[in-house]
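See below for the structure under consideration.
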Amino acid sequence: MLEIKEQWKKLIADSLKILAEKGSINLDNPEERIIIETPPKPEMGDLAFPMFPFARDFRKAPPAIAAELVTILGSDIPGTVKTAGPYLNIYISRKSVFKDILKIVDDQADEYGKTDSLKNEKVMVEFSSPNTNKPLHLGHLRNDILGESTSRILEAAGAEVKKVNLINNRGVHICRSMLAYSKFGNDETPESTGIKGDHFVGNYYVKYNNWAKEDPTADDQAQEMLKKWEAGDSETRELWERMNKWTLDGIQETYRSTDISFDTYYYESETYLSGKDVVLKGLEDKVFYKDEDGSIRLDMSDIGLDTKVLLRSDGTSVYVTQDLGTAIARHKDFPFDRLVYVVGNEQEYHFKVLFHAFKRLGYEWADQLHHLSYGMVNLPEGKMKSREGTVVDADDLVEQLENLVLGEIKNKGREDELDDVQSTAHAIALGALNYYLLHISPYKDMIFNPKESLSFNGNTGPYMQYMGARISSMLRKYNGSDYSDGQFKPELLDSDEAWELIKLVAKFPSVVNQAADELNPSVVAAFVYDLSRNFSKFYHENQILNNEDMNLTVTRIELAKAVLQVLKNAFRLINIRFLEKM
RNA sequence: GCGUCCAUAGCUCAGCUGGAUAGAGCGCCGGACUUCGAAUCCGUAGGUCGCAGGUUCGAAUCCUGCUGGGCGUACCA
């Protein structure tokens, strides 16, 4: 499809040159000034070239230029041309496109859509990065799916991707739940209570907060515990390890259930000290300076920002300190060409500081650090507030969705049709959730409407899964019958619906490139919806099976197969499970 | 205060490097199952693209100002 565009662009450019020669007009590189567009309505053509940019060169009205080009182009062209006022509209000759595209998709199969635009590029993507004192919530789910999906898209664009997770397993907040557990725990465990580990620990974090309201010494006690932890007190460390494991086991169960995975885990407890040396070295090299108050700082007045503490006056590290250390360690582990941090936009300032520090320190890869900043997830009532208990728990949400799907399956009487009702329900629930979180541009804040996310109609994940299931169902029937006398005849695909479909199928690789380029999975999400919607329209208007003309069925099935292949490949990129039946 | 992002239909969102009557879904109203699974499709209604200027042949899109909101501006993470 890309070649077709280029081909036409060249044709138009050549014609413009001929026109210029005729009038002895000097025309500066028309190739670069030609604009290719898609007409607003399909019936107006497949490509459109507006002639406005050349009005000045020719001293003619754009419609006149368009009309003259039609004459110059003549009839020896792969398609037909029409003028529409100042526009030159192209109707691509369809038959060969159907044949070519369907062959490419069939040949490349699961590989179709992959490109080499990021070939040889090593990209590390950090995402999720949870605290080990409570279970994951809705905000994490957006982070997780953005990170996972972006990684898969980058990979599809040819990059070598390493997915990493930085576990925040130390600090006062961790000590708080530890403290509460040692006070109120009574040696209970997730096993003894039957509560998932992360929720179990999270309960103690809540208990701490309640207790701290009554006892003003609570915070001091937590600080005390943190000191003990840093000093390596064996009893504290033991408790810490035990509780961390509980939480992590729980969180990893959530990852498994939601199809999120990582290549490497980094632990803050192992990296939080590593940035200190970097800062001290920077002080030595006079990149940083020691403030009157004893803290070591970075002066950012050169980029119009304030100063930032990199090491406290008591010598302990702050948040940026450890990120300085971990990034350097990571570059040693995996010499990335790019490091993408998937982190909420409330931390934009933090990353500005971090990246600028690296630049000043002279790391050549400082420019290759990227903050994929995404917006907050709010509820229709407003922000999620842990204090008011409005935080939506990840596991609860998935379970809730799953139950709703189960109800729907029963309503439709599909239980007997499905091989595994439970896992199908789970897949649909995730499809709904992931699509809902992904179809909005990452950088924008979003409102999570539980009711809407539970819907399976319209612009939703299940809608697209349904299209996949419907095509699969047709293919089962098709393969179960004898169509060996039928022949593939692309000229039979003469409907506008079919043409729209093949254009979308052809567009997929460039969608992957755009999504990779923008680090924006919503581009793929929008594409999948567009494809699904168009297929839906197609099969309502065009009977696929049971046609009197066997050739027609064989030919339409080929198109359906290609759509299915693209759906499958695209689903993978946005982490939606493909279902043969639902 | 300063920085930064956002503002498009009742609601949730699209709208590619500026280009032809601004598009979907949900919701509302009305149609289509003796038909490849109706988790579907088709149709109607609904918009001064926050406001005001500017650049341009041409602006939802670029620039400036204003209004309203989010986030940030910690020796928290």
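To find a chain, count down the sequence lines: A is the first, B the second, and so on, and within it residues start at 1.
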Taking atom P in both B:rG37 and B:rC41, what distance in whole Å separates the two? 16 Å

Give a yes/no answer on whether the side chain of A:Arg312 brings an N or O atom under 4.0 Å of OP1 or OP2 in B:rC76. yes

With rounding to the closest Å, how many angstrom separate the P atoms on B:rA20 and B:rC42? 24 Å

Under 4.0 Å protein heavy-atom contact, by nucleotide of nucleotides 54-65 of chain B - B base, S sugar-phosphate only: ---B--------

Any donor-acceptor pair under 3.5 Å joining the side chain of A:Asp306 to the base of B:rA74? no

Given B:rU40, B:rA77, B:rC13, the nucleotide with the shortest approach to the side chain of A:Asn131: B:rA77

What nucleotide, of B:rA20, B:rA14, B:rU21, holds the atom closest to the side chain of A:Lys444? B:rA14

Compare the minimum distances between each of B:rG25, B:rC36, B:rA20 and the side chain of A:Met474, then state the nucleotide with the smallest one. B:rC36

From C-beta outward on A:Val318, which listed nucleotide comes closest to its side chain: B:rA20, B:rC76, B:rU40? B:rC76

Represent RNA chain B in dot-bracket notation, 5' to 3'. Only Watson-Crick or G-U wobble pairs with both distances under 3.5 Å count; pseudoknot-style crossings use [ ] and interstrand partners use |. (((((((..((((.....[...))))..((((.......))))......(((((..]....))))))))))))....

Phosphate-side-chain proximity, A:Lys383 and B:rC71, N/O vs OP1/OP2 below 4.0 Å: yes

Would you say a side-chain N or O of A:Tyr463 is under 4.0 Å from OP1 or OP2 of B:rC41? yes

Side-chain N or O of A:Ser441 closer than 4.0 Å to phosphate OP1/OP2 of B:rA14: yes

Could one point to a donor on the side chain of A:Ser473 or the base of B:rC36 with an acceptor on the other under 3.5 Å away? no

Atom NZ of A:Lys5 to atom P of B:rC16: distance rounded to whole Å? 14 Å

From the list B:rC75, B:rC71, B:rC36, which nucleotide is the closest neighbour of the side chain of A:Arg297? B:rC75

Does atom CD of A:Glu43 have more than 12 heavy-atom neighbours, drawn from other residues, nucleotides or ligands, at distances under 6.0 Å? yes

